[in-house]
Amino acid sequence: MTATRADALRNRELVLRAAAQAFAAEGLEVPLGRIAQRAGVGAGTVYRHFPSKTILVEAVFAQHLDDLVSAAARWAARATPGDALLGFLFEVIEKCARGKYLCDALVADRSWPHATFAAAGRRFGEALDRLLHNAKRAGAIDANLHIEDLNALIAGGATLCSAHPSRAGGTRLIWQLLNSLRRPGVTKSAELRDGERPDSCAECGSPLHVKNTGRPARYCSPACRQRARRRRITS
């Protein structure tokens, strides 16, 4: 790969990252000029990669969906079928709660005539359907659940999580909702306790480095592990 090509790819990634942050903070109406400032590039660079605002929005949506497809694969590799489905749903709901535009993308009318977004939407739907199929086959969840139910749950769960005055309270309610999908007699894994975000430190909420093998970490550092231990002792 030539240096020029590498620079172009790096600039594209900078613009996509900056656009995602701007949309989350200010909504989809944020001007392209402000996105260019966030990315540290000129407006011309933005337009070279994304000739219109619509094309940029589509690319951000598609990137988020593909990131979630990768997350679905990680859940399938590291957890039992029921826990993989519910853990993934929790991750999607939490990310939607942090960025309404992402939730809008997930539940958007699939007739939106943009091939890149439509293809990413299909990949997300297929990944979710695989997790659902595996959980049903394992007898872990209600056999009557369908993809449409899960999409509605994602949208409703994100709204509930955002509306709750306490982040911890919202998390607790979402887990109660998700665990209600389990078939009677099927218990949740100790790795998916109510009130804990599977991709974040159980003590401070900092993002965790997710590994594809081994038991998932619960804490981001020995200090957080020790604080959690002291809290359990004194409670």
Side-chain angles (χ1 to χ4, degrees), residues 20 24 64-107 121 123-136 138 140-142 145-183 186-212 214-220 224 228:
H64 274 299
L65 291 173
D66 282 336
D67 288 345
L68 290 173
V69 170
S70 297
R74 290 196 299 272
W75 276 106
R78 77 182 194 181
T80 62
D83 287 346
L85 175 64
L86 301 187
F88 176 67
L89 285 171
F90 181 88
E91 184 169 340
V92 175
I93 287 171
E94 190 183 47
K95 288 180 177 177
C96 283
R98 293 201 298 260
K100 184 178 182 300
Y101 73 95
L102 174 58
C103 196
D104 291 343
L106 292 176
V107 299
R123 289 190 292 272
F124 173 82
E126 290 165 0
L128 183 57
D129 190 54
R130 279 194 297 272
L131 292 177
L132 176 61
H133 173 75
N134 291 341
K136 283 184 176 182
I141 63 165
D142 186 342
L145 282 173
H146 300 287
I147 285 291
E148 294 79 7
D149 302 322
L150 300 185
N151 284 332
L153 188 150
I154 289 169
T159 300
L160 186 156
C161 199
S162 299
H164 201 287
S166 163
R167 185 173 186 177
T171 295
R172 174 177 50 79
L173 287 177
I174 293 304
W175 271 120
Q176 289 176 349
L177 177 63
L178 291 175
N179 280 315
S180 72
L181 303 182
R182 296 181 188 273
R183 289 185 61 187
V186 177
T187 58
K188 57 182 177 292
S189 164
E191 294 171 357
L192 292 179
R193 294 178 174 85
D194 292 340
E196 292 182 5
R197 292 178 293 146
D199 60 345
S200 303
C201 175
E203 179 65 19
C204 71
S206 298
L208 291 175
H209 176 64
V210 178
K211 298 179 181 179
N212 289 330
R215 182 172 179 168
R218 292 182 58 205
Y219 305 105
C220 65
C224 277

[atom1] of [X] to [atom2] of [Y]: how many Å apart, nearest 0.5 Å?
| X | Y | atom1 | atom2 | result |
| --- | --- | --- | --- | --- |
| L153 | S180 | CG | OG | 7.5 Å |
| E91 | I154 | CD | CD1 | 11.0 Å |
| L181 | D142 | CG | CG | 7.5 Å |
| L160 | Q176 | CG | CD | 10.0 Å |

Quick check: closest heavy atoms across [X] and [Y], and the distance to 0.1 Å?
| X | Y | result |
| --- | --- | --- |
| W75 | A84 | O-CB, 3.4 Å |
| A140 | G82 | CB-CA, 3.6 Å |
| L65 | G121 | CD1-N, 3.7 Å |
| G157 | I174 | O-CD1, 3.3 Å |
| A158 | C96 | CB-CB, 3.6 Å |
| H64 | A20 | NE2-CB, 3.8 Å |

Can you say whether the rings of W175 and F90 are parallel (under 30°), tilted (30 to 60°) or perpendicular (over 60°)?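 Parallel: the ring planes of W175 and F90 meet at under 30°.
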So do [Y] and [X] actually touch side chain to side chain, heavy atoms under 4.5 Å?
| X | Y | result |
| --- | --- | --- |
| R172 | R167 | no |
| V92 | F124 | yes |
| E126 | D129 | no |
| L85 | L178 | no |
| L68 | L128 | no |

Show your working on side chain to side chain contact (heavy atoms under 4.5 Å, CB included) between D66 and R123 and close with a plain yes or no. CA-CA 7 Å; D66 282 336; R123 289 190 292 272; 2.9 Å; yes
Let me see the working for K136 and R183 under side chain to side chain contact (heavy atoms under 4.5 Å, CB included), right down to the final yes or no. CA-CA 10 Å; K136 283 184 176 182; R183 289 185 61 187; over 6 Å; no
L86 vs R182, side chain to side chain contact (heavy atoms under 4.5 Å, CB included): CA-CA, chis, key distance, verdict: CA-CA 9 Å; L86 301 187; R182 296 181 188 273; 3.5 Å; yes
Please report the C-alpha distance between L131 and L89 in whole Å, then the side-chain angles of each, then the deciding distance to 0.1 Å, and finally whether the side chain to side chain contact (heavy atoms under 4.5 Å, CB included) criterion is met. CA-CA 10 Å; L131 292 177; L89 285 171; over 6 Å; no
Are any side-chain N or O atoms of H146 and backbone N or O atoms of E148, one a donor and one an acceptor, separated by less than 3.5 Å?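 Pair absent, no side-chain N/O of H146 close to backbone of E148.
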Please check: side-chain N/O of D149 versus main-chain N/O of L145, any donor-acceptor pairing under 3.5 Å?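 Here the side-chain-to-backbone pair does not exist.
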